Amino acid sequence: MNEKSKRCTADLLVECLEEEGVKYIFGIPGEENLAIMNALENSKIQFIPTRHEQGAAFMADVYGRLTGKAGVCLATLGPGATNLVTGVADADSDGAPLVAITGQVGTDRMHITSHQFLDLTKMFEPITRRTKMVVRPDTINEIVRLAFKYAEREKPGACHIDLPVNIGLMPIADKERPLQKQYPVSEYASVHTIDEAAELISYAKNPVILAGSGVIRSHASKELTAFAEKLKIPVINTMMAKGAIPFDNKYSMWTIGIPFPDYQNKILEKASLVIAVGYDIIEYAPSKWNKNGDVDIIHIDASAADINKLYQANVEVVGDIPDALKRIMQRAARLQEPKEALTLREKMVSEHESYAYDQSFPMKPQRILNDVRKVMGPDDIVISDVGANKVWIARHYNCYKPNTCIISNGFATMGIAVPGAVAAKLVHPDKRVLAITGDGGFMMNCQEFETAMRLGTNFVTLIFNDCSYGLIKWKQQAQYNHTYGVDFTNPDFVKFAESMHAVGFRIKKAEELIPTLEKAFKLDAPVIIDCRVDYSENMKLTEHLQRVMNEL
């Protein structure tokens with residue numbers, strides 16, 4: 001393949017990716033995918049070298065969640081491919097469309113012990129919707145089209161393509177071209193199920209809506225809000241459905257899913273009917289809200305309900321979610337306000353606002369997030385890492401619009417915030433992007449700060465600094481009354497930022513946070529803000545919620 005005019009399999013692969021509308025590929029090249037890199041050099045696709053393959057997978061993951069189009073990550077064989085696994089699994093569990101491409105040894109070496117060889121299709125099989133090795137050049141267009149079809153259909157997830165080095169270099173016939181990208185036609189729920197759902201809702205004594213991430217993916221936020229307002233039904237959203245209804249709407253009961261029973265659990269406990277809209281059981285198990293299996297359930301989603309003995313729907317409304325909500329709303333009628341839920345909401349609002357002016361330092365997580373909400377606009381984006389910070393973000397950072405708070409809560413993976421913020425800023429360069437992370441999660445992929453600097457993706461990273469794995473410490477305290485194996489030391493995060501040619505700030509008192517955030521967002525560089533957090537509030541929250549549950 002010395003003649004530049006001749007096409008090889010790798011060339012056609014890149015042509016297929018262009019046909020799929022791919023803008024970025026995140027990854028680290030290796031010897032076995034040099035042909036792909038050569039083809040990408042003259043492509044309109046931008047290859048973004050990352051500092052670790054896991055960072056590349058997380059960037060593709062968050063790109064997929066924000067756009068609905070498959071994010072693409074690339075790695076070489078062996079250790080490059082194994083480094084992708086966590087991010088690929090996260091995308092698959094969280095419902096983010098992603099396509100991972102790996103290099104591989106030549107097919108002439110697969111039958112013997114061979115340097116860096118792993119059966120990657122077997123390795124990726126349990127964490128993807130589809131994994132295929134290319135064994136003939138003339139199948140690459142079909143394999144790519146299938147990968148994107150499976151990754152982007154509802155519910156989205158991850159797919160994997162494995163390209164052996166010798167297959168990638170083989171010549172491809174002139175007649176072989178990318179297959180045209182196809183867009184699925186929306187399917188609509190049957191009239192029968194719409195009528196059944198409307199009747200159940202009209203006569204239900206105490207209905208509650210449980211909104212999941214399917215609402216966000218189907219762009220059904222406006223329809224859900226109108227549905228709740230017309231039928232006077234309280235709405236609880238999962239972590240990945242923040243913004244499904246504006247948090248300041250009177251029927252919004254905010255987010256469920258923290259490790260302890262909260263106000264939302266009490267509302268669900270008293271529900272006679274749960275209307276699950278775009279709900280995914282991977283996020284919040286039915287056993288946590290339907291322990292006895294005696295709650296009536298309406299399942300509204302683009303796909304049929306999962307099998308779970310505590311999630312047996314009385315009616316399954318399967319089809320386009322916005323359409324289903326509009327049609328049910330036209331047929332159902334309710335006049336009574338959900339007085340008990342609205343009273344609980346007043347208590348929730350009062351509790352949340354009580355931390356607005358707390359001056360203590362280290363800062364309480366409630367005050368930090370209250371300040372963050374004041375700085376971030378309704379369209380701006382928070383990327384949450386996983387850990388104790390995620391619990392507080394779920395509870396205290398409320399959203400006006402969908403996709404303005406990205407939380408990994410299917411696979412719930414630490415280390416996603418910084419690479420995720422890189423992707424978010426590429427997708428929305430005009431919006432403020434804030435990565436909120438614990439010190440544990442930050443150090444897992446802090447190397448991608450160099451990627452952020454190189455790309456000019458000027459987001460802000462706010463570190464909750466407590467020198468420990470705070471969520472596990474919290475659970476140890478709750479379960480065993482002591483902690484073990486969760487403490488560590490940290491670098492100087494301000495100097496760390498400066499070493500990356502970025503900017504660092506350290507918060508020394510509570511009143512500094514808002515002006516520091518405002519200043520950080522005006523700078524033409526990525527910024528790290530080191531903020532000491534008072535995680536003694538963790539156990540205080542546990543004890544507070546125990547009292548609340550006993551009193552209600």
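Numbers here simply count residues along the sequence, with the first being 1. All figures in this text were calculated on a predicted structure; none of them were measured in a lab.
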[Y] and [X], any side-chain heavy atoms less than 4.5 Å apart:
X	Y	answer
Phe58	Thr413	yes
His396	Arg373	no
Asp487	Lys473	yes
Asn398	Lys242	yes
Glu351	Met348	no
Thr255	Gln264	no
Ile321	Glu223	no
Asn538	Trp392	yes

Original post:
Would a line drawn from the ring center of Phe488 to the ring center of Tyr469 be shorter than 6.0 Å?
Top reply: yes
Subject >> Residue pair Ser408 / Asp94, side-chain donor-acceptor N/O under 3.5 Å >> reply: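 Yes, side-chain donor-acceptor contact under 3.5 Å.
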Under the 3.5 angstrom rule, does the side chain of [X] hit a backbone N or O of [Y] as a donor-acceptor pair?
X	Y	answer
Ser252	Asp248	no
Asn290	Leu310	yes
Tyr279	Tyr284	yes
His299	Ser303	yes
Asp439	Asp466	yes
Asp90	Phe411	no
Lys425	Lys431	yes
Arg129	Tyr150	no
Glu283	Met240	yes
Asn550	Gln546	yes

Nearest 0.5 Å please: distance from the [atom1] atom of [X] over to the [atom2] atom of [Y].
X	Y	atom1	atom2	result
Thr225	Asn249	OG1	CG	6.0 Å
Leu66	Ile406	CG	CD1	4.5 Å
Asn206	Ile267	CG	CD1	9.5 Å
Ile209	Tyr251	CD1	OH	10.5 Å
His428	Asn403	NE2	CG	7.0 Å
Phe493	Cys531	CZ	SG	12.0 Å

Subject >> Stepwise side-chain contact (heavy atoms from CB on, under 4.5 Å) test for Met253 and Leu344 >> reply: CA-CA 9 Å; Met253 302 295 141; Leu344 275 184; 5.7 Å; no
**OP:** Report the relative orientation of the aromatic rings in His160 and Phe124; use parallel for angles under 30°, tilted for 30 to 60°, perpendicular for over 60°.
**Re:**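 The rings of His160 and Phe124 lie parallel, inter-plane angle below 30°.
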Original post:
Using the ring of each side chain (for Trp, its six-membered ring), is Phe464 parallel, tilted or perpendicular to Tyr535, with breaks at 30° and 60°?
Top reply: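 Answer is tilted, since the angle falls between 30° and 60°.
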**OP:** Determine, stepwise, if the pair Leu541 / Arg395 fulfils side-chain contact (heavy atoms from CB on, under 4.5 Å).
**Re:** CA-CA 11 Å; Leu541 177 61; Arg395 195 170 193 268; 3.7 Å; yes
Subject >> Electrostatic pair Lys540-Glu543, nearest N-O below 4.0 angstrom >> reply: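 Salt bridge: no.
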**OP:** Please name the residue in the list His52, Arg51, Gln54 that meets the side-chain hydrogen bond (donor to acceptor under 3.5 Å, both in side chains) test with Asn445.
**Re:**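 Output: one option passes, namely Gln54.
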How close do [X] and [Y] get, heavy atom to heavy atom, and via which atoms?
X	Y	value
Gly410	Ser93	C-CB, 3.9 Å
Ala417	Asp385	N-OD2, 3.0 Å
Ser499	Phe496	OG-O, 2.6 Å

**OP:** Before giving the answer on salt bridge (Lys or Arg N to Asp or Glu O under 4.0 Å), spell out for Arg65 and Asp61 the whole-Å C-alpha distance, their side-chain angles and the decisive distance to 0.1 Å.
**Re:** CA-CA 6 Å; Arg65 273 188 69 176; Asp61 176 348; 5.7 Å; no
Subject >> Tyr357 six-ring face occupied by Lys374 cation (under 6.0 Å, within 45°) >> reply: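 Yes, a cation-pi geometry holds between Lys374 and Tyr357.
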Subject >> salt bridge (Lys or Arg N to Asp or Glu O under 4.0 Å) evaluation trace for Asp358 with Lys364 >> reply: CA-CA 8 Å; Asp358 187 291; Lys364 289 182 171 60; 3.3 Å; yes
Subject >> salt bridge (charged side-chain N to carboxylate O under 4.0 Å, His left out) partner of Lys155, chosen from Asp92, Asp280, Asp301 >> reply: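 Only one option passes, and that is Asp280.
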**OP:** Give a yes or no on this: more than 12 heavy atoms of other residues, nucleotides or ligands lie within 6.0 Å of atom CD of Glu340.
**Re:** no
Original post:
Between Leu552 and Lys347, is a side-chain contact (heavy atoms from CB on, under 4.5 Å) present by the stated rule, with each step listed?
Top reply: CA-CA 11 Å; Leu552 293 178; Lys347 292 183 179 180; 3.8 Å; yes
**OP:** Applying ring pair (Phe, Tyr, Trp, His ring centres under 6.0 Å), name anything that partners Phe505, two or more places apart in sequence or on another chain.
**Re:**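 Applying ring pair (Phe, Tyr, Trp, His ring centres under 6.0 Å) to Phe505 gives none.
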Original post:
Does the pair Arg432 and Glu518 meet the rule for a salt bridge (Lys or Arg N to Asp or Glu O under 4.0 Å), with working shown?
Top reply: CA-CA 10 Å; Arg432 288 179 169 184; Glu518 293 284 11; 3.1 Å; yes
